[in-house]
Each structure stands twice: as structure tokens, then as C-alpha cells.
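Working notes, structure below.
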There are 4 protein chains.
Amino acid sequence: MAEKTVRVGIIGTGFMGKAHSNAWLKVNKFFTPGATAVMKTACDVAEEPLKAFAANWGWEQTCTDWRKLVESKDIDLVDICTPNNTHAEIATAAAKAGKHILCEKPLAMSVAECEGMVKAVKKAGVQNLVSFSYRRVPAVALAKRIVEEGRLGRIFHVRAVYLQDWIIDPEFPLVWRLKKEIAGSGAHGDLNAHIIDMSRWLVGEIKSLVGMTETFIKERPELAEAGAGLSAAKAKGKGEVTVDDATLFLARFENGAVGTFEATRFAQGRKNGNRIEINGEKGSLVFAFERMNELELFSAEDPPHLQGFRTILATEPSEHAYISAWWPPGHIIGYEHTFINQAADILQAVAEDKPLQPDFADATKTQAVLDAVLKSAEEDKWIDV
Amino acid sequence: MAEKTVRVGIIGTGFMGKAHSNAWLKVNKFFTPGATAVMKTACDVAEEPLKAFAANWGWEQTCTDWRKLVESKDIDLVDICTPNNTHAEIATAAAKAGKHILCEKPLAMSVAECEGMVKAVKKAGVQNLVSFSYRRVPAVALAKRIVEEGRLGRIFHVRAVYLQDWIIDPEFPLVWRLKKEIAGSGAHGDLNAHIIDMSRWLVGEIKSLVGMTETFIKERPELAEAGAGLSAAKAKGKGEVTVDDATLFLARFENGAVGTFEATRFAQGRKNGNRIEINGEKGSLVFAFERMNELELFSAEDPPHLQGFRTILATEPSEHAYISAWWPPGHIIGYEHTFINQAADILQAVAEDKPLQPDFADATKTQAVLDAVLKSAEEDKWIDV
Amino acid sequence: MAEKTVRVGIIGTGFMGKAHSNAWLKVNKFFTPGATAVMKTACDVAEEPLKAFAANWGWEQTCTDWRKLVESKDIDLVDICTPNNTHAEIATAAAKAGKHILCEKPLAMSVAECEGMVKAVKKAGVQNLVSFSYRRVPAVALAKRIVEEGRLGRIFHVRAVYLQDWIIDPEFPLVWRLKKEIAGSGAHGDLNAHIIDMSRWLVGEIKSLVGMTETFIKERPELAEAGAGLSAAKAKGKGEVTVDDATLFLARFENGAVGTFEATRFAQGRKNGNRIEINGEKGSLVFAFERMNELELFSAEDPPHLQGFRTILATEPSEHAYISAWWPPGHIIGYEHTFINQAADILQAVAEDKPLQPDFADATKTQAVLDAVLKSAEEDKWIDV
Amino acid sequence: MAEKTVRVGIIGTGFMGKAHSNAWLKVNKFFTPGATAVMKTACDVAEEPLKAFAANWGWEQTCTDWRKLVESKDIDLVDICTPNNTHAEIATAAAKAGKHILCEKPLAMSVAECEGMVKAVKKAGVQNLVSFSYRRVPAVALAKRIVEEGRLGRIFHVRAVYLQDWIIDPEFPLVWRLKKEIAGSGAHGDLNAHIIDMSRWLVGEIKSLVGMTETFIKERPELAEAGAGLSAAKAKGKGEVTVDDATLFLARFENGAVGTFEATRFAQGRKNGNRIEINGEKGSLVFAFERMNELELFSAEDPPHLQGFRTILATEPSEHAYISAWWPPGHIIGYEHTFINQAADILQAVAEDKPLQPDFADATKTQAVLDAVLKSAEEDKWIDV
């Protein structure tokens with residue numbers, strides 16, 4: 001009997017379109033998830049670059065109208081890689097059409113949008129996964145396992161930052177990510193979304209919080225035309241930055257833990273500085289993305305004279321999640337592998353008809369935290385999530 | 001001509017009394033600050049242990065009444081190493097008696113107390129230094145120099161934590177440091193005081209903040225009698241912990257930077273985790289006390305293909321503050337050396353009659369931040385400092 | 001005009017066959033080297049697994065006789081991924097047939113074999129590249145650039161190790177890699193080959209050396225049958241290990257530098273511990289594969305008070321080799337990417353008809369060092385290379 | 001009953017004289033070894049600086065003739081801090097006079113000299129300790145404990161380096177340490193001595209070895225006059241460097257382990273880079289002096305998914321050697337503390353009349369290795385120790 005196939009239609013061919021295409025291309029070459037991905041259709045608005053994109057990655061056909069794609073009979077799974085302000089509409093339509101959905105993060109522009117999406121996928125009974133792909137880093141999966149094994153005990157502290165440095169230059173132009181109407185928010189939705197998701201997954205739900213936002217550079221050169229490359233003439237003068245450059249907040253978790261969170265694009269020298277530290281009664285964990293194959297663990301259950309933070313290289317095929325599909329010990333994997341691991345997981349979920357996390361309902365909780373932070377920042381006070 | 005001598009009287013013979021005695025003992029053997037410390041009088045309440053302490057460290061005489069010490073004609077400098085709730089009274093009396101003062105941190109129990117102390121030392125015209133001794137770590141002094149050289153440019157972020165783990169065990173007893181009436185606060189005054197001082201020194205004044213406190217273990221075994229050792233019978237049942245186990249806050253600086261601060265005694269595996277990171281337009285710095293001989297620097301002015309965080313081992317006699325008094329490159333110094341460096345600085349200040357920082361006025365600003373955090377935590381809102 | 005195509009035939013479908021197939025699959029999706037790889041034919045001895053392998057990776061056809069493959073008119077480039085003792089015969093035949101050749105390392109079993117291969121490729125005028133793929137790590141390419149920019153000055157020291165730990169268990173069976181007649185040597189040819197290549201590339205030629213070998217576990221369980229999996233019954237008793245578990249040597253370079261080299265499979269905790277440190281008059285470099293995206297640099301030309309080893313995260317698209325094909329800064333790549341980078345280089349070399357390093361002639365010099373070490377170890381004396 | 005006193009006479013007031021004086025000054029203030037050091041007499045050849053030195057450190061009296069000191073009735077222990085070529089004569093005389101002896105390393109200029117010294121101290125029955133003070137680093141003492149607890153199992157590898165960089169500049173003058181007649185050897189006796197001692201202590205005796213030496217800068221500016229400071233006029237032209245700048249060797253241990261050793265003063269950026277790694281069947285250890293409060297441990301007995309190198313901060317008063325005398329956890333100690341810990345050990349040995357290691361007999365074995373390396377380098381062959 002031939003293995004089940006999952007015909008994928010991808011919408012959006014930018015940075016995430018590239019990362020996801022690579023994942024669909026490779027997933028069945030390394031994993032045997034019980035279903036085979038077929039790279040069926042790629043969709044974007046501009047026809048010429050779309051055709052080149054599809055040819056490069058091996059998508060069988062193209063389509064410039066996402067509505068046609070989501071309704072097409074030869075698509076089983078819709079992969080949404082478009083800007084944040086389009087997720088809700090596309091996902092809802094896809095759900096109505098009975099398609100499984102993989103959606104880039106953050107799930108949508110607001111909790112209200114998310115809730116509509118959750119309703120749609122529940123009604124349709126389709127697989128729905130939000131691409132918080134860092135959950136698929138083997139070292140992060142190991143962190144989850146350590147927590148579940150009870151090795152940290154009661155959690156006291158979460159200390160999470162996501163630090164980048166790519167817009168410090170005041171002459172960096174006003175790209176769409178710096179416009180609220182398209183991006184929703186700045187560093188917050190882009191970066192805090194990840195560390196909120198990871199904290200919720202590893203520690204539990206956030207109960208209340210107080211936050212602040214800051215925009216260090218308030219005006220930037222307009223791009224000559226929408227969508228033009230960064231090298232385009234910047235003759236149109238300056239425009240207002242309408243999103244946050246940095247967003248910080250304090251949080252109380254339902255289980256009594258307390259936390260600090262910080263996202264910024266102004267931390268000189270930090271390139272992709274997603275770092276989380278968790279301190280529990282019996283142990284502590286540290287994960288930092290730039291060394292994503294490593295997890296630091298302190299265990300108060302080690303012999304007293306031998307306690308210390310150990311660096312676990314999470315590359316053992318027999319011990320660490322996903323690694324048996326990859327390379328021998330110490331032969332590290334990279335950023336792109338998180339997407340391939342994720343693709344394997346969703347194929348398996350489809351094949352076995354089993355639920356998968358973080359689904360839309362789960363991501364709605366992350367969105368609720370994101371929303372609460374902005375509200376708190378606006379109102380200068382503590383907010384219950 | 002004989003060098004000036006500075007006759008020191010120390011009050012308090014606990015942990016800090018030990019660290020300061022060691023400093024007075026060694027300072028003139030390594031430094032030539034222009035004045036010589038004479039270890040004149042040691043003072044504490046219990047006569048027997050005091051005599052043993054004085055004999056061990058070479059204090060010439062003892063005295064169980066601090067008032068006599070501060071008024072004695074054979075004392076030039078009073079070194080206050082007593083619990084926080086006694087600083088104000090002692091320092092004020094010492095100032096009135098015309099003595100130079102070195103006072104342990106935090107300066108006092110409140111800004112109001114501090115202001116009285118400032119008034120007293122200003123009127124007396126005496127040297128007054130608060131023992132934020134981490135400013136005397138060569139790597140921290142190097143951080144200051146780097147900031148002053150303009151190598152960071154405009155500062156965007158401060159990220160400061162002071163993490164310890166020594167009271168996680170719920171059976172750890174209710175020592176005086178966990179009682180508000182003596183200690184004033186818990187992790188906050190003990191640990192945040194240091195990172196606030198360091199941030200103010202390196203970055204500037206804090207304008208407003210929002211904070212929270214948490215006491216994870218709300219009751220602990222009472223010690224059998226006040227002042228009894230930890231091994232004493234713990235038969236008295238449980239008593240309430242009246243200070244914070246952890247205090248966190250967000251801050252806005254006057255120069256536009258934003259910051260996160262966190263002090264805790266519940267970070268498993270962090271022994272003396274005083275760590276501060278500063279991100280500026282042109283560079284970033286990281287200092288972590290457990291590797292106190294090192295400073296990390298990222299410079300965006302390095303050639304683009306060679307940029308990265310470098311670890312400066314601040315042990316070069318010809319380059320780094322204080323080191324010419326110590327050992328060859330790479331032969332590291334430790335915690336106690338911060339006190340000896342500090343002793344050298346205050347002897348030099350006395351010898352040259354020059355002001356020294358952080359003086360009482362400066363430490364009052366740190367106290368104002370400490371107070372504002374607790375007020376903010378109580379009132380659940382942002383506070384202007 | 002259609003771009004040039006390079007029809008690839010791969011021989012050998014083990015670990016390296018997998019790594020190379022992945023490279024051919026992906027190279028043109030990320031790079032535009034001026035020629036397109038076509039995955040034409042896969043070859044191995046066992047037909048069934050071969051067919052599965054080819055189907056998985058998308059090789060168009062299969063073939064169980066490597067001679068047919070190398071002589072086939074529809075192959076432009078032969079990719080040799082077979083055990084070391086077959087390289088010479090296959091490569092020589094491929095050269096005679098006018099094919100370009102990519103050959104796994106080490107090039108052959110002896111310098112004599114290598115020299116025959118060099119002769120063949122020179123006569124044929126074909127591209128010939130040995131897969132010392134670590135040269136294609138961006139951080140290693142950066143090291144080369146730093147050396148060429150003169151930032152180290154005269155080199156004094158090389159300190160290279162390649163440490164693994166996978167055969168410490170005495171019950172680990174007698175696999176082919178532990179048999180001299182197939183593998184040629186043990187840790188030496190497998191691991192020292194890499195660090196010799198890297199040292200020669202970055203520092204220069206080795207003039208003389210003295211080496212030693214050690215086999216810690218002299219007998220191991222025989223596999224039930226040749227080629228059987230590790231889980232097969234191990235009923236045949238013990239057999240002799242005929243290769244080195246560890247090989248160490250001291251070296252003098254032609255330019256006056258001195259070096260230590262060490263390869264072992266008995267360094268507990270070191271999974272893929274390929275580490276090289278180079279000390280020069282003006283600076284030092286450190287590369288360690290387990291953190292392959294990083295390069296450490298010390299520059300004595302930095303301001304004296306700011307000198308220190310900096311960690312360069314070699315992931316800047318605009319600055320670091322190969323990265324513009326991959327992901328944004330800080331989004332690290334992994335082991336497999338070295339092979340894809342290498343595939344891009346050889347496609348470009350074919351497209352532009354330009355020579356590429358390390359070619360067979362260059363790898364012969366590495367082989368000469370490998371041979372000299374074993375001779376030295378056997379004769380217990382210094383040997384000129 | 002008054003505690004036993006040990007009246008110390010120190011010979012040599014240079015770098016080591018300073019480090020030892022500091023140790024005698026402090027030892028009884030922090031430790032209670034059962035005997036009290038009395039700083040009796042300091043001895044050196046130049047009277048004026050000697051008097052200043054004695055006054056600074058509190059030596060009761062001075063003496064410019066070491067023979068008088070060693071024979072004096074008011075001295076119990078002779079502390080030898082003079083250049084290497086004087087150790088044998090002084091120590092032998094001190095032993096004859098019945099004094100306990102602490103002698104700086106390396107013990108002497110040759111095994112022959114050492115053997116005479118051993119004979120003398122054995123005959124006299126006095127305490128005799130060689131100042132390989134790195135054995136008194138708490139992290140190194142922990143390494144010893146870990147080995148003795150059997151946590152490494154059979155040892156396979158030792159990898160030891162001692163890297164410095166202070167004479168790379170060709171204009172650095174021809175100080176006495178670069179003259180064979182005074183120093184015996186260069187980096188070898190100065191640095192390899194330490195790592196040989198540490199390896200012997202932690203792993204066992206070296207059976208055979210092959211070594212090489214290199215002098216990168218063969219001539220240097222003569223100092224204007226012997227003993228003149230580095231800033232003295234360098235008008236005398238160039239003189240020959242007669243010691244090694246770097247010495248490397250391979251070794252076989254009696255227990256079957258193999259090792260690499262390297263000492264150099266030409267490793268740019270390495271200030272005091274004393275680093276040793278040991279790989280055993282069940283675990284591995286790494287110690288690096290520039291982070292001397294830390295010990296790295298890998299244990300193959302940890303749960304398989306949690307294995308990794310852990311960094312033990314060896315500053316726990318209740319767990320780690322010597323620390324209970326010092327400061328709270330995480331409040332690190334420095335280079336100078338190794339000498340104070342050592343002073344405590346020898347006072348205790350005297351008080352309890354117990355033997356102490358490394359004694360002269362033990363240090364003779366280190367000297368035998370040092371001598372064998374130079375012989376091997378001269379004869380270009382393997383040597384049995």
C-alpha cells in the first residue's frame with residue numbers, strides 16, 4: 001500500500017517561504033513520518049518572481065490568487081507564510097475548505113482574530129499548527145523533557161530575552177516590518193512571540209504583567225516605493241516608525257513563578273539572541289539560540305561537590321529528539337532544521353490523525369499575552385492576561 | 001618626612017568586618033596611596049569574640065561602645081560594617097566628630113536617613129565613601145573607561161541581574177537578613193543595590209520605574225535565639241519572612257535608555273551571579289562577577305568581518321586599573337581585592353584631600369531608586385524616582 | 001541560453017553518500033554557481049538498498065558496477081564516497097574517462113596511490129577536488145582570510161586536535177573502520193587527515209615530525225558477518241583491532257612554526273572535537289567544530305586595554321563566505337552545509353573552468369604527512385616529510 | 001597552652017618573595033592550621049631594597065648572607081625564593097641546619113642536584129615542600145578528589161599546555177630568565193614544570209617521551225647592566241638567547257595513558273594559559289588557570305540524555321578544599337591564594353609532624369621528566385624517564 005501523501009500549497013514566497021520550501025523538500029528524505037509531502041502549488045502576488053521561486057524549489061504549479069489555492073481539490077495542507085495581517089483571512093478560508101494548516105507566527109493581529117481562526121479550524125476538524133519552530137530545536141525539546149521529568153521542581157524564575165541589532169542605523173529604511181498596519185508590532189510580535197511561546201510551553205501560563213515599549217529611532221527614510229529593495233533610492237524623505245523597537249515586561253505566572261521578558265532590535269552585537277533561563281527548586285536551564293545545539297543544565301541533585309552548569313550538546317541520535325534523522329554526534333544542525341523537524345511532526349500528525357502543538361488555540365494564548373503587554377504599555381499599569 | 005597616617009576604627013566584625021580588616025591589613029603592602037592605614041580600634045557588642053577578632057587581624061585595641069570609638073581622638077576614619085539599620089546613627093555621629101567615613105552598602109534604610117547623613121558629612125567636610133566595592137573591580141573600572149571613551153555611543157539597553165541561590169531550602173532558618181526591621185529589605189537592598197549603583201555609574205540616572213517583589217517561602221523556622229548560629233536548635237516553630245526573596249523592575253533612564261533589573265536568592269546554580277549587559281549604538285559590554293577578571297566587549301567599530309564579543313582579561317599591569325599593584329598578566333585576583341583597591345582609593349583621597357565616588361550623596365540616589373521600587377511594588381504602578 | 005548542467009554520478013551510499021546527495025539536491029536552490037547539478041546515477045553493490053537510496057534522494061537511475069558509471073556518457077562528474085581502499089582505482093578510471101571528480105578524504109591509502117591519481121587527473125585535465133569539506137565552513141574560510149590579510153603575522157604555533165569518543169566501550173564491535181586492510185588507519189586517517197589539511201592550508205607545509213600511535217582496546221567482538229549491522233549477533237568471538245585508536249605527533253613547519261597534533265576516538269565527552277589554535281606574532285585564532293559558526297580571534301593590534309579573544313559569529317551575509325546563500329545573521333548553519341558549500345564551489349569551478357583547492361595534488365601532500373606519521377611511529381624517530 | 005610557632009626565614013625578595021610574604025602574612029588570619037607563622041627574617045643580597053621589602057611586609061629582621069639565615073637559631077623554616085641555580089646549595093645547607101624547607105619550583109637545575117637535596121632532607125628529617133602551588137587551587141584539589149573517587153576510570157589521554165605571550169616582541173631584552181646558566185631552561189622549567197607536576201599528581205608517572213625545543217628569537221638586546229630594570233638603557237647590543245622559547249613533548253604514562261605537553265612564551269593572547277585536559281573511560285576533566293575557580297567535568301555516568309561538560313565553580317565552603325577559610329559561594333579567590341593555602345598546609349604538616357606533597361623526592365621525579373625532555377630534544381629520539 002502506498003504511503004499517504006500530503007499535497008502542500010504554500011502562500012508567501014519571502015524569507016519564510018524559502019525556509020518552508022526547504023523543509024518540504026527535505027523532510028521525507030530524512031524522516032519517515034508516515035506521510036509524504038508533495039510540493040504542489042506555490043502562491044504569491046507577483047507572477048514572475050513566483051515562477052522563478054516555484055521552479056527553484058520544485059513546486060509543481062503556481063497561482064497568484066490565494067483563494068483559488070485554498071479551495072483547490074489538489075491541496076491537502078495550506079502553508080501560510082504571508083505577512084501577519086493576512087493570516088486570519090487565509091487560514092479561515094483554508095479551514096472552511098477543509099485543509100490542514102501550518103501558519104507562520106504570530107498567529108494573527110489580535111486575540112479577536114485568533115479566536116475566529118480557532119473556531120474555524122475546530123469546526124473543520126483540521127490539523128492546525130503555528131510555526132513556533134523553536135519548539136523543534138532538539139535542545140529545546142530536551143528542555144521540555146527535563147521539565148516533564150521533574151528535574152527542575154517548582155519554578156521560581158523565567159528570564160527571557162530576544163535580542164537583535166539590525167536596525168540600529170538611523171538610515172536603515174522604513175521597511176514594512178516597521179509599519180504597524182502591516183506588522184502589527186515591531187520587536188514585540190516578531191521576537192517576544194517566540195519567548196512567550198517557549199516560556200508558556202516550558203513553565204506555564206502567564207497570569208498578569210506590566211510592560212513598556214520604546215521606539216528609539218522615531219523617523220526613518222521612506223523606501224522609494226513599496227516593496228522596493230533596500231538599495232532603492234531613498235528620496236521620499238522620512239516617515240514615522242509606528243512600531244516598537246523594543247518591548248520589555250515583567251510577568252507573574254499562574255504557578256507562582258515570576259519572569260522578565262525583553263525583545264529588541266537595538267542590542268549591538270546580538271544577532272539572533274533568543275535566550276531563556278529558567279530557575280527551579282531543583283535545577284536551572286539555559287537555552288541560547290546562537291548555540292542552538294546546546295542546552296545548559298544545573299542540577300541540585302548532582303553530588304554537592306560536583307554541581308555546576310553543564311553544557312549538553314543535544315546531538316545524540318539515540319538520546320535527543322529529531323537527531324536520529326540527521327548526523328552523528330557533534331555534527332551540529334542549524335536554523336533551517338527546525339522547520340524540517342516541524343514538517344516531519346505535522347506530516348506525522350496528519351498520518352496518525354493526532355493533535356499537534358502549538359495549535360491555533362494554544363497560539364491564541366500567546367497572542368493574549370502579546371496583546372496584554374501592549375495594553376499595559378499604553379495604560380502604564382499591570383494587566384491580567 | 002613621614003607619610004601621613006590614617007588611623008582606622010572599624011565597627012562591626014562580621015562578614016564585612018573580615019573583608020575590611022583584610023583590606024586595611026594589605027593595602028599599604030601593595031599600594032602607595034600617599035597615606036598609611038593604621039589598624040587602631042575594632043568595635044562590636046560582644047567582648048569575647050571582639051577580642052579574638054582584633055587579635056587575629058591586628059587591631060591595636062577594642063571597644064564595645066561605638067560612640068566612644070567615633071569620638072576618640074586617636075581615630076581618623078570610621079569604617080562602618082554593621083547591619084543596615086545602624087548606619088545612619090553611627091555615620092552621623094562620626095561626621096559630627098570630624099571623622100572620615102567608609103560605610104557599607106546600602107547606605108541606610110531610606111532616602112530620608114541618607115539625606116541626614118549627607119547633610120552631616122557635608123557640614124563636617126569629611127571624606128565619605130559607600131562601599132559599593134564592585135566599582136573597584138578592574139574589569140568594571142575598564143567598563144567605565146570604555147563608556148567614557150565614547151566606545152558605546154548612545155545607550156539603548158541595560159540588563160542587570162544579581163542572582164544567588166542560598167535560601168531555596170524551605171528549612172533554611174529565619175536569619176536577620178530575612179527580617180525587615182533589621183535588613184530593611186531582602187534580595188533588593190542586598191543585591192539590587194549593587195546593580196543599581198553600577199548602572200547609574202556606567203549609564204546614568206534612572207527616571208522612572210515599575211517593580212514587583214516576591215517572597216516564595218513565606219514562613220521559615222525561627223532560630224532558637226537571636227544571633228544564634230544556624231546549627232542552633234530550631235525549636236521555636238516558624239516565623240514570617242518579612243522581606244522579598246526576589247525583586248524585579250523595569251526602568252527608564254534619563255538619557256532614554258531602558259533597563260531590566262532583577263535580584264533574587266532563588267536562582268538555583270547562580271552563586272554570586274552579578275551580571276550586567278549594556279547595549280549602545282556603537283558597542284556592548286557584559287560583566288559577570290563570577291568571572292570578575294573578565295569584561296566582554298563588542299565593538300561595531302571593528303572591521304565588519306571581525307566583529308564579535310571579545311573577552312578582555314583585565315589583568316594587564318600597564319593597562320588595567322589597580323593591577324599594577326598586584327600580579328603579572330593572567331594571574332587573576334579575587335573578591336577580596338575589591339576591598340583592598342577601595343581602601344587604596346580612600347587613603348589616596350584622604351592624602352590628597354580629593355573627593356571620591358560613590359559618596360553619600362551619590363549613594364542617596366541609589367537609595368532613592370531602591371525606595372521607589374518598593375513603593376512601585378506596593379502600589380502596583382510606575383513611579384518617578 | 002540554458003545554463004550549463006553537470007550530470008553527477010555518485011558511488012557509495014553510506015554516511016558520505018547521504019551527505020553528498022543532500023548537497024547535490026540543495027546546491028542550486030541556494031547558490032547560483034553558474035552550472036546546475038543533475039542527480040543522474042547512484043551506484044553501490046547491493047541493489048535493493050541502492051534502489052531505495054536513489055528513490056529517496058531523487059537519483060534518476062542506479063547501477064551496481066562503478067566501472068559502467070565512470071564510463072557512462074551521461075555522467076560529467078563522478079562523486080566518490082566509497083571506503084578509502086577503493087578511491088585510487090575508481091578515480092583513475094574516472095579520470096581516464098574524462099570525468100570531473102569529487103573524492104572523499106583521505107584521498108587514498110598511500111602517497112604512491114595518490115601520485116597515480118594525480119597523474120591521471122592531470123593528464124585528463126579534469127576538475128579534481130578532495131572533500132576536505134571543513135575548508136568550506138564559513139568560520140574556517142574567515143580564518144584563511146584573516147591569515148591572508150596578514151593579521152597573525154609570523155606563525156609560531158599550531159595546536160590541533162580531533163577528539164571523539166565513540167569506541168571507548170570495549171564491547172563496541174570490530175567494524176570495518178577498525179580494520180587496517182579496509183580503512184588504512186584508524187583515528188589517524190579519519191581525523192588527523194582533517195586537521196593536517198586545515199593546518200597546511202592556514203599555516204603552510206610540514207617539514208618534519210615525530211609521531212606515536214596507540215590502540216587502547218586491542219581486541220573487540222567480531223561482527224557476525226561482514227557488513228552486518230551493529231545489532232547483529234556478535235557470536236564469532238573476538239578479533240584484533242589493526243588500526244590506531246589514537247595518533248599523536250609533533251611537527252616542524254617549513255616557515256618555522258611548531259605544532260602538536262592529536263586524533264583520538266577515546267576522549268570521553270568530545271563528540272566531534274575538531275579544534276585548531278594558531279598563534280602568530282600579531283594575533284591568534286581558534287576554531288572548534290562543535291561551535292562551527294564561531295571563530296575566535298585575538299589581535300595584538302587592538303588598543304592595548306581592549307585586547308582579548310573575540311568570538312566572531314561568522315553568519316553575516318555581507319561579510320562571511322557562503323552565508324549570503326543561507327539565512328539572516330545569527331541563524332546558524334550546520335555540518336551538512338559544508339558539503340553544500342563545497343558542491344557550489346565545484347559547480348562554479350566546472351562552469352568557469354578554474355582550478356579548485358584542495359585538489360588531488362594538494363591532498364597528496366596531506367597524505368605524505370599521514371604516511372610520515374605512521375612511519376615515524378613505527379620507527380620511533382623523527383621523519384622528514 | 002600557646003600554639004606552636006614556626007619562625008620563617010625567607011631568601012629572595014623578587015616576585016616569589018612577594019607572593020610568599022603575602023602568604024605568611026595572611027595564613028593565620030584565615031586558617032587555623034595548628035601552628036602560627038612568625039615572619040622572622042628576610043634575606044637578599046642588596047641591603048637597601050631588602051630593608052624596604054622587610055619593612056613593607058613586616059619581616060622582623062634582615063640579613064644579606066643566606067648562610068647566616070639558614071644556620072640561625074631563631075629560624076624554624078627556610079623559604080627559598082631565589083633563582084633556580086641556587087636552590088640546591090641553600091636547601092642542602094638548610095637541611096643540615098635542621099630547618100624545614102619550602103622551596104620554589106623547579107626544585108633544582110638537574111636530577112643530580114635534586115637527589116643531593118633529597119638525601120639531605122631525609123637525613124635531617126625535616127619537612128620539605130616544593131612550591132608547585134597550583135596543587136592548592138581548590139578546583140585542582142577537586143580534580144584530584146574526582147580522580148581518587150574513581151570518576152574517570154582508566155585514563156587514556158592527558159593534554160596539557162602552559163601558554164604565555166610576554167616575550168614575543170624581539171626588542172624584549174635579554175633578562176636572566178633567558179640565560180641558561182641562571183634559569184636552567186626557558187619556558188620548559190618555568191612552565192612545563194607545573195603541568196608535569198599536575199599530570200603526575202592526577203594521572204601517574206611518565207614512562208617515556210619525545211620532545212623538541214624552539215627558540216624563535218635567537219638574539220635580544222642586552223640589558224645595560226645585570227639586574228638593571230627593563231627600562232634601563234639597552235646600549236650593549238644584542239646577546240644570544242640560550243634557553244627555549246617553547247618546548248613540546250609527547251609522553252607515554254606507566255598506566256598506559258598518552259599525553260601531549262607544551263610550554264611557550266609565544267602564544268599571543270594567552271596570558272597565563274595553564275590548561276590541562278584529562279580523558280578517562282568514565283569521564284573527562286578540564287582545568288584552565290585563567291578561570292582557576294572553575295573545573296570542567298564530563299561524566300559518562302550521568303543519564304545519557306543529560307551528559308555534558310559541566311562547569312563546577314569550586315567556591316563552596318562546605319564542599320571544596322580551602323574555601324571554608326575564605327568567602328561565600330561565588331566570591332572567587334585569585335592567584336595569590338594558592339600560596340596562602342600552601343602556607344596553611346605546611347604549617348599544619350609541621351604542627352602535626354605529617355608528611356606533605358610534593359616533597360623533594362616527588363619533585364625530583366618532575367625534574368627527571370624535565371631533564372629527559374631536554375635530552376630527547378637534543379638527541380632527537382624517544383627517551384625513557
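A note on names: the letters A, B, ... follow the listed sequences, proteins ahead of strands, and every chain is numbered from 1. Quick caveat: nothing in here was measured; it's all calculated off a predicted structure.
Only the side chain of B/Leu297 comes within contact range of chain C, with heavy atoms under 4.5 Å apart. For C/Leu295, no part sits under 4.5 Å from any heavy atom of chain B, backbone or side chain. With a 4.5 angstrom heavy-atom cutoff, B/Leu142 touches chain C only via side-chain atoms.
Across all their heavy atoms, C/Gln307 and B/Ile312 have their closest contact at O-CG2, 3.5 Å. The two residues C/Arg310 and B/Gly308 make their nearest non-hydrogen contact at CB-O, 3.9 Å.
Environment of NZ in C/Lys365: sparse, with no more than 12 heavy atoms of neighbouring residues, nucleotides or ligands closer than 6.0 Å.
Across C/Glu316, C/Glu319, C/Glu149, a single residue satisfies side chain to side chain donor-acceptor pair (under 3.5 Å) together with B/His305, and that is C/Glu149.
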